[in-house]
Amino acid sequence: MKKDISIYIHIPFCVKKCAYCDFLSAPACDTTIEKYVDRLCEELRRYGEKYYDRRVITVFFGGGTPSLLSAAQITRIAETLKSSFDIDEQAEISIECNPGTVSYEKLTTYKHIGINRLSIGLQSANDNELRLLGRIHTYEQFLQTYNSAKDAGFDNINVDIMSALPGQTIESYLATLKAVVDLQPKHISAYSLIIEDGTPFGKIYADMSLDTDSDTQTHKAEDKTIVDAIEYPSLPDEDSERQMYYLTEKMLSEHGYHRYEISNYAYEEYECKHNLVYWTGGDYIGVGLGASSYVDGVRYKVTDNLDAYLKEQCVYGDGATANVGCAGFEYEDIMPLSVEDKMEEYMITGLRLMRGVSKSKWRSIFGNDMSVIYGDVIEKYERLGLLETVEEKKDVFVRLTRHGIDVSNTVMADFLLDKTDE
Amino acid sequence: MINQDKIRNFCIVAHIDHGKSTLADRIIEQTGLLTEREMQEQVLDNMDIERERGITIKAQTVRTVYKAKDGEEYILNLIDTPGHVDFNYEVSRALAACDGAILVVDAAQGIEAQTLANVYLALDHDLDVFPVINKIDLPSAEPQRVKDEIEDVIGIEAQDAPLISAKNGIGIDEVLEAIVHKIPAPRGDVNAPLKALIFDSLYDSYRGVIIFCRLMDGKVRKGTRIHMCATGAEADVVEVGTFGAGQFIPGDELSAGMVGYITASIKNVRDTAVGDTVTDAANPCAEALPGYKKVQSMVYCGMYPADGAKYPDLRDALEKLQLNDASLNYEAETSIALGFGFRCGFLGLLHLEIIQERLEREYNLDLVTTAPGVIYHVWKTDGSMIELTNPSNLPDPSEIDYMEEPVVTAEIMVTTEFVGAIMGLCQERRGRHLGMDYIEETRVLLKYELPLNEIIYDFFDALKSRSRGYASFDYELKGYEKSELVKLDVLVNREEVDALSFIVHKESAYERGRKMCEKLKEEIPRHLFEIPIQAAVNGKVIARETVKAMRKDVLAKCYGGDITRKKKLLEKQKEGKKRMRQIGNVEIPQKAFMSVLKLDSE
């Protein structure tokens, strides 16, 4: 039987960069995009030669805004994909789209080329919050996109929403949640806004890390209302932020969504298969600018530099001849992972899942008992009530408690091993 | 034999920045010891730290030959002196090695606090002092006013003072002539037993200790067995010589009136204490030169390696520094919070900072330093007295009869508009006003008695900021006085952090405690639980802050492309923890220990 593999295709273009976005994405002209698609297809073909013995179980078009590509461009990529790889009939093929960039026609094209899952970025049902985020659409436009998708025959749809937004109140957030559950999408990703360095928000809300003093927050925000001449309100205070966070799970579970990952909720059987591959140590290829692959225990990363990526003549690096899994372009970084790296990543990603990390699966991968490596850490955090070990279906799982999720970085950081080579 | 009539031993005294080092450079240059090209910026300040701070830490000595207008050649020995109050004793010994002094006064700024302190010190040593007015080419120069001021305030003749610009080489000839004519020649007895004053010493890994000395009487040459009157050390002289610019020039003999060096394979500068008298072991002098004092540390603090594993490195570094610095004291101590380290004694805060900087720069050590403190005298009920340098060693209050703290007499010179502000500052620092003299219409000299522990942290900074930089300041130790002192303890999550304890006056305890808690609240990151930070005196909590429990520390997204990046974030988080000190369940960043040193800066 063929081994499974997943494919991630990165489209680093968008109409306009959002104020919170730290993803590798920027607006670009049509010729650049066209050239980019050429390069993507070449990369896919190379990978196809390398992984002719694999069966593709999921494909994910992410961005940026993949829906920015024309119907012809996305078709070209999909056809290259199909001719280069053995794609499972049941494969989950997702694309991210943003309201304002997809027409009904484009959606039917998606359907036609085999895409069977849509992820639509809504973020908020409140137009003022959308404007502050730098989104290019209104809630009404989202609804049009959502309904067009339904009309085009899409059933498996995810909607992205965010909490802890500037100016957001518990009421406005509840309204967003309500609006979304009323649409009954199969999947909801609910993120708590993270202020990232290097983004406009990073500047506006610099050193406004969560603090309970809401007075000082307002004051600080007033000092920095310069970007884009928009009046930026303060971020919700810590109490409200936490309340929104807890309300998310409460409200979504009341409407039949189960939380299966820190920020992901779905109806039964509608978890995102592609993302589960990331969280369970599965093999995946990432193509496109800055994309990461993880195959046979080796991580590859494509350059972040668009010019380098688009170079007319792309020289194949040593990887092409060496018997490793990458496509062999010189713009790839090869990062072999040590067994410690793999164990760390297995825990860090696995603990994001509500079901936790399976001890028996750990044994089958690493050949030892999880407690040999992590017994002390697990015990420490069990004592603090942040981790729990539970028996389920004849297996044992280690997982974060509800409280543990809130401070999961602290817990996960302790799963990093002291490297001997340092 | 060198004719003493042709020797001039002198030093230059000045307030900081009035141009002392620049004038020294010009003298060296003009007498042809170095060509201009060979001149580094300031030959005499040859330590990095000295150059950067523009101050002289270690005395330097230069011998140069000047052909005077009378056609004779004179040997000029310029003994440079440290320019900071921390090194007052060293200054006094360097002055004792001279026969006269040049007083440099800035033509625009006039007399400042250090000018006075240094000139009085020189006059105390019976030196002939003549003034030089520097920076006369500045637009704001007022030479006549400054001359009058010197006569009025110091009481020395100033009308014929050379008007110079050391920077631009104006008037240097005049200064050289004045040195010849106004500074007396030495009057030593060459035939008397050897009597030489040690005014500095230096450790050299090849030659051992190099003694810098001024011969008062007698002579010394290779092979002479010398005896140090105070330390009792004896050794056979290997080499004698004089000073070039930054080099040693070996000679046959040093004789009365000369300034030079002696090497005798001595292993430690402790054997050649500054102020001690060198004599001939076979033919000793009847009595040692007056003025010798054992160096005493005034300021103490704990120094700990940031990385506990570097403890042996810190010990080695301190050992090496001590070879060359007899005024540096250290002994091993252990702190519950900081692990193994040293309690180090210094002449003052500048000395502390210099040592700290040298440890970090020259020995590449990362240090955690505890709050500097002074030596307290703790009188116990059983009548005994302990000299307390580490607050943690304070006996139980029930055993203490009373405590004493060191007090200094300080002189602050300031323009009249800032008098109120400066008096306010001295008041806050528990100063006792002794008097106020008008130097001129717009400037006064304030005299205060101040507890040393009130001025060692940041008094100088506060002084500068409250006088917009105009106030100048000098002090000397007066003695010990009884005082209402308490130990302020800091509890983090109800555990006492020994490294944060300090001794403070009862009246300031509440204020200091409150600020300390506030500062620590900023520095200690949130933990999984709430952390009370308390300041306590005698077990009674006087201030409290709380570091709230961490409620959110979670990555919202972590997909395929994020894993490496997010893992790096977690690694950073973990690394950050490594740089913290664990007290009970709480991790305290190292910089928290230092931040409490700057409590008054805001």
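Labels below follow one simple rule: chain letters A, B, ... track the order of the sequence lines, proteins then strands, and each chain is numbered from 1. Because the structure is predicted, anything quoted here is derived from the model rather than measured.
With sequence neighbours left out, the side-chain contact (heavy atoms from CB on, under 4.5 Å) criterion links A/I194 to A/E196, B/A556. Qualifying ring pair (Phe, Tyr, Trp, His ring centres under 6.0 Å) partners for B/F529, counting only residues two or more places apart in sequence or in other chains: B/H527.
Inter-residue side-chain proximity for B/K574 and A/D418 is flagged as met; some heavy-atom pair is nearer than 4.5 Å.
Contact annotation for A/L384: only side-chain heavy atoms (C-beta onward) come within less than 4.5 Å of a heavy atom of chain B. Residue A/F23 touches chain B through its side chain alone, counting heavy-atom pairs closer than 4.5 Å. Contacts between A/S408 and chain B at a heavy-atom distance below 4.5 Å involve backbone atoms as well as side-chain atoms. Only the side chain of B/K566 comes within contact range of chain A, with at least one heavy atom under 4.5 Å from a heavy atom of that chain. A/L386 touches chain B through its side chain: at least one heavy atom from C-beta onward sits under 4.5 Å away, while N, CA, C and O do not. Neither the backbone nor the side chain of A/F415 has a heavy atom closer than 4.5 Å to any heavy atom of chain B.
Taken from CG in B/D553 to CE in A/M412, the straight-line distance is 10.0 Å, to the nearest 0.5 Å. Annotation: the span from B/Y559 atom OH to A/S189 atom OG amounts to 4.5 Å, rounded to 0.5 Å. For the atom pair SG (B/C558) and CD1 (A/I348), the distance works out to 8.0 Å, reported to the nearest 0.5 Å. Here CH2 of A/W279 is found 10.0 Å from CD1 of B/I563. Values are rounded to the nearest 0.5 Å.
Side-chain atoms of A/R242 come within 3.5 Å of backbone N or O of B/R551 as a donor-acceptor pair. Distance alone, capped at 3.5 Å, places no donor-acceptor pair between the B/K567 side chain and the A/E345 backbone.
Here the closest heavy-atom approach between residue B/K552 and residue A/S192 is recorded as NZ-OG, 3.0 Å. For B/V554 against A/N409, the heavy-atom pair with the smallest separation is N-ND2, 3.6 Å.
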Determine whether B/K557 and A/E261 satisfy the following criterion, salt bridge (Lys or Arg N to Asp or Glu O under 4.0 Å), listing intermediate values before the conclusion. CA-CA 10 Å; B/K557 288 184 183 187; A/E261 194 258 3; over 6 Å; no
B/L555 and A/Y191: CA distance, side-chain angles, deciding distance, side chain to side chain contact (heavy atoms under 4.5 Å, CB included) verdict: CA-CA 9 Å; B/L555 300 171; A/Y191 304 108; over 6 Å; no
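Identified by a heavy-atom distance below 4.5 Å to chain B, the contributing residues of residues 282-290 of chain A are A/Y284, in residue-number order.
When the shell of 6.0 Å around OH of B/Y363 is examined, it contains more than 12 heavy atoms from other residues, nucleotides or ligands. More than 12 heavy-atom neighbours from other residues, nucleotides or ligands sit within 6.0 angstrom of CD on B/Q582.
Top candidate by heavy-atom pairs under 4.5 Å with chain A, chosen from B/K572, B/Q573, B/K577, B/M550, is B/Q573.
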Name the atoms and distances for all side-chain donor-acceptor pairs under 3.5 Å in residues 301-312 of chain B, with sequence neighbours left out.
{"residue": "B/Y304", "atom": "OH", "partner": "B/E333", "partner atom": "OE2", "Å": "2.7"}
{"residue": "B/D307", "atom": "OD1", "partner": "B/A309", "partner atom": "N", "Å": "3.0"}

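One finds a salt bridge joining B/R526 and A/E238 here, because a Lys/Arg side-chain nitrogen approaches an Asp/Glu carboxylate oxygen to under 4.0 Å.
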